Amino acid sequence: MEAANYQVDLGNLMAYDPTHHFQSIPSSREELTKECLQKGTELVQAIANALFSLPSTEDPDGPLVRLPQPTTKLPREKHFPKPKPPTKWEQFAKMKGIKNRKKDKRVFDDQTGTWKRRHGYDRVNDDKDVPIIEAKMTDEPGEDPFSKRKEEKKKRVEKQEKNRLQNLKQAMKADALPSHVQLAATALPITGTQSKAPKKASKVELENVAGMAATSTASGGKFDKKLPGERPPKHSGKYRKFLPVVEGKGMGSQEKQQTDKILNKLMAKASMDILDVDKAVTMFNVKGEKKRRKDKDQERSSKSSKFESKKKQSKGRDASSSSSKLKTKKKPMKKSSKKKQ
């Protein structure tokens, strides 16, 4: 068959033969595999011929070509991640032309004469390592410089937390937050001028987040102490796991194994190798047993309903007969005894 009949998509390195069909149904799986490998070799050769026809540039490792844009839209396992909106600092840095410079994690501390961390525990310029603070001309007399330094630090932390929550709000409006962060972005109050009050979390959102928090432990919340009135999780079983969108370390092999497993199943549909006779007989017997039990239960329920209806009818007849007897029964007349005078 000529290569002109193949549909080649160099952007995805994919080739397809729409006119291919089997001359006769393969009698065995080996024959089917052999024919599929032969057709796959022809398609790969068509892709290689198309690649060598593209303009290339010389490189020490060999010729390099730039692939064109793909023409076939392949299905995705998950949707495209939505881009997060820029924060206030990112907008300011873009406006002023500030570029982020990578800072060293270790900084030399002049007070102790050692190298320390820039942030975190035992950091540089820690308040605990400052024994003396020089007074300034603008300082008020009688003011404690250490307490003033703590207050300033507290204000900086509060401002940073406020900016963080505001960034979460903006990302939530753009629908670019994961589900476990959306509750924090909607429920936490943010001070400032706002036209609307912060949205209150609904009962369903609270239950979802509480369930995720309860099952986030290593045991899946099995040995955790339950709160009063807490309901069991709706999804007690395992969730379906998806491969990440971006290929990382070891992800390529997992995707290859998954693809090979699907292809083997598709190729083995016309073969008898995947048929487990014992399993098929067991499944047939189980289905038959379930059907017999269901028929017996229906027969018992129908018999019990008929018996109850007859019992009610007999009770009604007995009640009607007893009422008729009471109506027809006459009271005995009393004999009057008169004394003879």
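None of the values given here were measured: they were computed from a predicted structure.
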Give a yes or no on whether a salt bridge exists between Arg164 and Glu161, defined as a side-chain N under 4.0 angstrom from a carboxylate O.
yes
Taking every heavy atom of Ala50 against every heavy atom of Val8, the minimum-distance pair comes out as CB-CG1, 4.2 Å
Indicate yes or no: does Lys39 engage Glu42 in a salt bridge with an N to O separation below 4.0 Å.
yes
Have Thr57 and Asp59 got a donor and an acceptor in their side chains that come within less than 3.5 Å?
no
Between Leu74 and Met14 the two heavy atoms that sit nearest each other are CD2-SD, 4.2 Å
Run the side-chain donor-acceptor check on residues 98-109: report pairs under 3.5 Å with partners two or more places apart or on a different chain.
| from | atom 1 | to | atom 2 | distance (Å) |
| --- | --- | --- | --- | --- |
| Asp109 | OD1 | Gln111 | N | 3.3 |
| Asp109 | OD2 | Thr112 | OG1 | 3.2 |

Which residues pass the side chain to side chain donor-acceptor pair (under 3.5 Å) test with Ser24, not counting sequence neighbours?
none
Within a radius of less than 6.0 Å around CZ of Phe284, do more than 12 heavy atoms belonging to other residues, nucleotides or ligands occur?
no
Using a strict threshold of under 4.0 Å (side-chain N to carboxylate O), is an ion pair present between Asp122 and Arg117?
no
Atom OG in Ser301, atom NZ in Lys296: separation rounded to 0.5 Å?
14.0 Å
Give every donor-acceptor pair under 3.5 Å between a side-chain atom in residues 134-145 and any protein atom, sequence neighbours left out.
| from | atom 1 | to | atom 2 | distance (Å) |
| --- | --- | --- | --- | --- |
| Asp139 | OD2 | Lys136 | N | 2.9 |
| Asp144 | OD1 | Phe146 | N | 3.3 |

Name of the residue among Glu299, Lys291, Arg293 meeting side-chain contact (heavy atoms from CB on, under 4.5 Å) with Asp295:
Lys291
Whether over 12 other heavy atoms sit under 6.0 Å from Gln298 CD:
yes
Is the Trp89 ring parallel, tilted or perpendicular to the Phe92 ring (thresholds 30°, 60°)?
tilted
Count I, L, V, M, F, W, Y as connected when their side-chain heavy atoms are under 4.5 Å apart, and connections chain through other members. Are Leu43 and Leu263 then in the same cluster?
no
Run the salt bridge (charged side-chain N to carboxylate O under 4.0 Å, His left out) test on Asp126 and Arg123 for me, step by step, so that the C-alpha distance in whole Å, both residues' side-chain angles and the decisive distance to 0.1 Å come before the verdict.
CA-CA 6 Å; Asp126 194 356; Arg123 64 184 181 279; 3.6 Å; yes
For Lys82, check salt bridge (Lys or Arg N to Asp or Glu O under 4.0 Å) against everything at least two apart and list the hits.
Asp175
Going by atom types alone, do Thr72 and Asn12 pair a side-chain donor with an acceptor below 3.5 Å?
no
Can you name the residues that form a side chain to side chain donor-acceptor pair (under 3.5 Å) with Arg292, not counting sequence neighbours?
Glu289
Kindly write out the residues that satisfy side chain to side chain donor-acceptor pair (under 3.5 Å) with Ser56, not counting sequence neighbours, or none if the list is empty.
none
In short, Pro86 meets Glu90 closest at the heavy-atom pair CA-OE1, 3.2 Å
Exercise: identify the closest heavy-atom pair between Gly11 and Leu67
O-CD1, 4.4 Å
